[in-house]
Protein chains: 2
Amino acid sequence: MTPDAGHPAPSDLKRKGMIEHVSPHHWNALGPLFAERHTYAANTVISRRGATLDHSLLLLDGVVARSIPRANMQHSTFVALQFKGDFVDLHAFPLKQLDHDVVAVTAATVAVIQHAALKQLLDGDIELSRMLWSLTLVDASIHRHWAMRNSSMRGFARVANFFSEIDARLAAALGQQQDTYTIGITQTDIADATGLTPVHVNRVLRDLREDGCCAIASGQLTIMDRARLHRRGDFDPAYLYLPNSDAEL
Amino acid sequence: MTPDAGHPAPSDLKRKGMIEHVSPHHWNALGPLFAERHTYAANTVISRRGATLDHSLLLLDGVVARSIPRANMQHSTFVALQFKGDFVDLHAFPLKQLDHDVVAVTAATVAVIQHAALKQLLDGDIELSRMLWSLTLVDASIHRHWAMRNSSMRGFARVANFFSEIDARLAAALGQQQDTYTIGITQTDIADATGLTPVHVNRVLRDLREDGCCAIASGQLTIMDRARLHRRGDFDPAYLYLPNSDAEL
DNA sequence: ACACAATCTTATCAAATGTTAAGCGGCCCA
DNA sequence: TGGGCCGCTTAACATTTGATAAGATTGTGT
């Protein structure tokens with residue numbers, strides 16, 4: 001952890017990505033409460049499960065994973081990935097303790113909000129409270145689809161669906177769809193997120209590339225044929241509840 | 001659906017199970033809003049994904065699944081199971097539309113609360129709002145562990161962990177731990193919930209029985225050796241945030 | 001430029017899981 | 001009461017995925 005906290009609140013807060021679910025008006029009240037910034041190096045732990053948290057984080061840049069370590073501690077599973085504009089652990093506000101670790105997968109910058117300040121704001125603002133509640137429910141929806149994906153899709157479709165989600169979420173976070181994203185995750189990260197072994201992920205990646213769907217190299221994801229990718233991964237973005245989308249559920 | 005709605009609110013509402021997270025004081029305000037009762041037969045759909053909901057359900061009896069149908073519609077995956085005392089679709093209150101179907105796995109009885117009435121109550125009660133928010137966050141925690149379980153545990157441990165969860169949750173719902181639970185789910189249901197095929201579930205069930213962990217027959221789950229079952233399933237109940245438990249996370 | 005570590009890639013073999021098919025038994029309903 | 005459906009069980013075989021190992025490649029710090 002690089003505690004470059006304390007310096008005056010920078011103006012790098014953009015209401016972009018999932019945070020757009022908070023209306024401009026409410027953002028005016030909420031945004032200024034993010035006084036601190038922190039930076040984490042790749043592969044560092046941001047918070048451990050069971051720790052009592054008095055603050056939550058908004059991800060400004062990088063990729064952060066929610067990770068559940070297995071008993072033997074040899075291995076852990078990613079149960080969520082967060083991108084720019086996502087709240088990382090807003091659920092710690094009502095829950096206080098989390099059931100998983102929070103890990104910086106790449107170098108990551110976050111903005112910090114103290115629960116005390118947030119409580120004071122939310123106690124007087126029912127509407128904003130409900131917006132933030134909804135934000136955590138979208139996370140839950142994504143969890144459900146991760147469970148579905150990793151339970152009932154075989155390797156090839158599984159990874160195709162996974163990349164489809166990343167494409168859709170990053171497009172929303174960046175404000176526009178792209179053919180190439182710089183995300184900086186490794187094949188091992190993909191393995192942790194999809195429940196496959198790194199070796200098998202490598203096999204599937206080759207298949208996806210040869211099939212003309214997408215390719216990933218040195219942290220760069222390239223969408224070669226989006227329609228094909230979606231078809232192979234049986235992908236329907238409705239569950240993402242993306243802001244500014246009126247997708248039918 | 002058996003629309004036996006409209007008759008005077010029965011007094012069958014017990015604050016037992018997960019609903020205990022709502023304090024007795026707040027339950028006095030919330031409980032009376034559940035004016036209607038509905039009963040559903042086994043294997044019937046309670047609500048379809050995408051439908052707009054103006055009410056939520058509290059499960060009084062039976063087992064209900066949240067189910068995500070696959071594109072081909074041949075098959076669907078269970079992403080959650082709800083038991084007595086669980087809110088089934090409280091997340092529909094902020095979200096209005098759900099991303100999954102809600103299905104009665106066994107015959108099920110629910111109590112209905114209208115969102116309009118709930119909103120009126122919650123608009124004036126920040127504390128209760130936060131309790132209900134927390135309830136939906138516990139669901140999210142369980143989702144994460146389903147993702148972890150079905151992603152990173154092999155068949156045997158997976159099913160052992162699954163039954164461990166059911167044991168723990170039903171014990172909380174019934175108020176005491178039991179050696180036998182009548183749940184009435186089929187091997188196909190277990191397959192839908194664990195991401196295995198029915199045939200493989202059958203194999204694993206035989207192994208669990210022969211190993212002396214647990215057995216399931218005609219809808220009756222029998223815990224033969226709880227400690228052993230937990231060990232085999234690498235089970236730690238902290239993620240369930242059970243009421244009246246101070247489990248360390 | 002070099003050494004070192006991490007990541008990626010490929011091969012081979014083993015184990016877990018899926019698929020298909022068949023038979024059995026209970027239960028509901030005509 | 002008989003037929004048919006549903007759920008359970010087992011078997012044989014196919015496919016997917018995991019495990020292990022080795023080498024190639026890339027990146028990084030000195």
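The figures that follow rest on heavy atoms only: side chains count, while hydrogens, waters and symmetry mates do not. In the text below, chain A, chain B and the rest are named by the order of the sequence lines, each starting its count at 1. Quantities reported herein were computed from a predicted structural model and do not represent experimental measurements.
- Protein atom NE2 of B:His75 is 10 Å distant from nucleotide atom P of C:dG18, rounded to whole Å.
- For the residue pair A:Ser76/A:Ser67, the side-chain donor-acceptor check at 3.5 Å is satisfied.
- At whole-Å resolution of the value, CG in A:Leu196 and C1' in C:dC8 are 16 Å apart.
- Position along DNA chain C of the nearest nucleotide to B:Met153 versus A:Ile185 favours A:Ile185 as the more 5'-ward residue.
- The interatomic distance linking B:Glu210 (CD) with D:dT9 (C1') rounds to 13 Å, in whole Å.
- In this structure, B:Asp207 places its CG atom 13 Å from C1' of C:dT17, rounding to the nearest Å.
- Here D:dT9 presents its P atom at 7 Å from CG of B:Leu205, a figure rounded to the nearest Å.
- The 12-atom threshold is not exceeded at CZ of B:Arg48, counting heavy atoms of other residues, nucleotides or ligands nearer than 6.0 Å.
- For the 3.5 Å distance criterion, the side chains of A:Arg144 and B:His143 qualify, holding a donor opposite an acceptor.
- Between A:Arg203 and the phosphate of C:dC8, there is no side-chain N or O to OP1/OP2 separation shorter than 4.0 Å.
- Residue B:Gly195 is classed as a sugar-phosphate contact, given heavy-atom separations below 4.0 Å to backbone atoms only.
- Counting only N and O atoms by type, the side chains of A:Thr109 and A:Asp61 include no donor and acceptor under 3.5 Å apart.
- Distance, A:Arg209 CZ to C:dC8 C1': 10 Å, rounded to whole Å.
- Regarding A:Arg154, its CZ atom lies at a distance of 16 Å from the P atom of C:dA16, rounded to whole Å.
- Checking B:Arg49 against B:Gln97 by side-chain atom types alone, no donor-acceptor pair falls below 3.5 Å.
- The CZ-P distance, from A:Arg158 to D:dT16, rounds to 13 Å in whole Å.
- Note on A:Asn202: a side-chain N or O is less than 4.0 Å away from OP1 or OP2 of C:dT9.
- Taking side-chain N and O atoms only, A:Gln187 has a distance below 4.0 Å to OP1 or OP2 of C:dT9.
- Residue order along DNA chain D, read from the 5' end via each residue's closest nucleotide, puts A:Phe156 first among A:Phe156 and A:Ser218.
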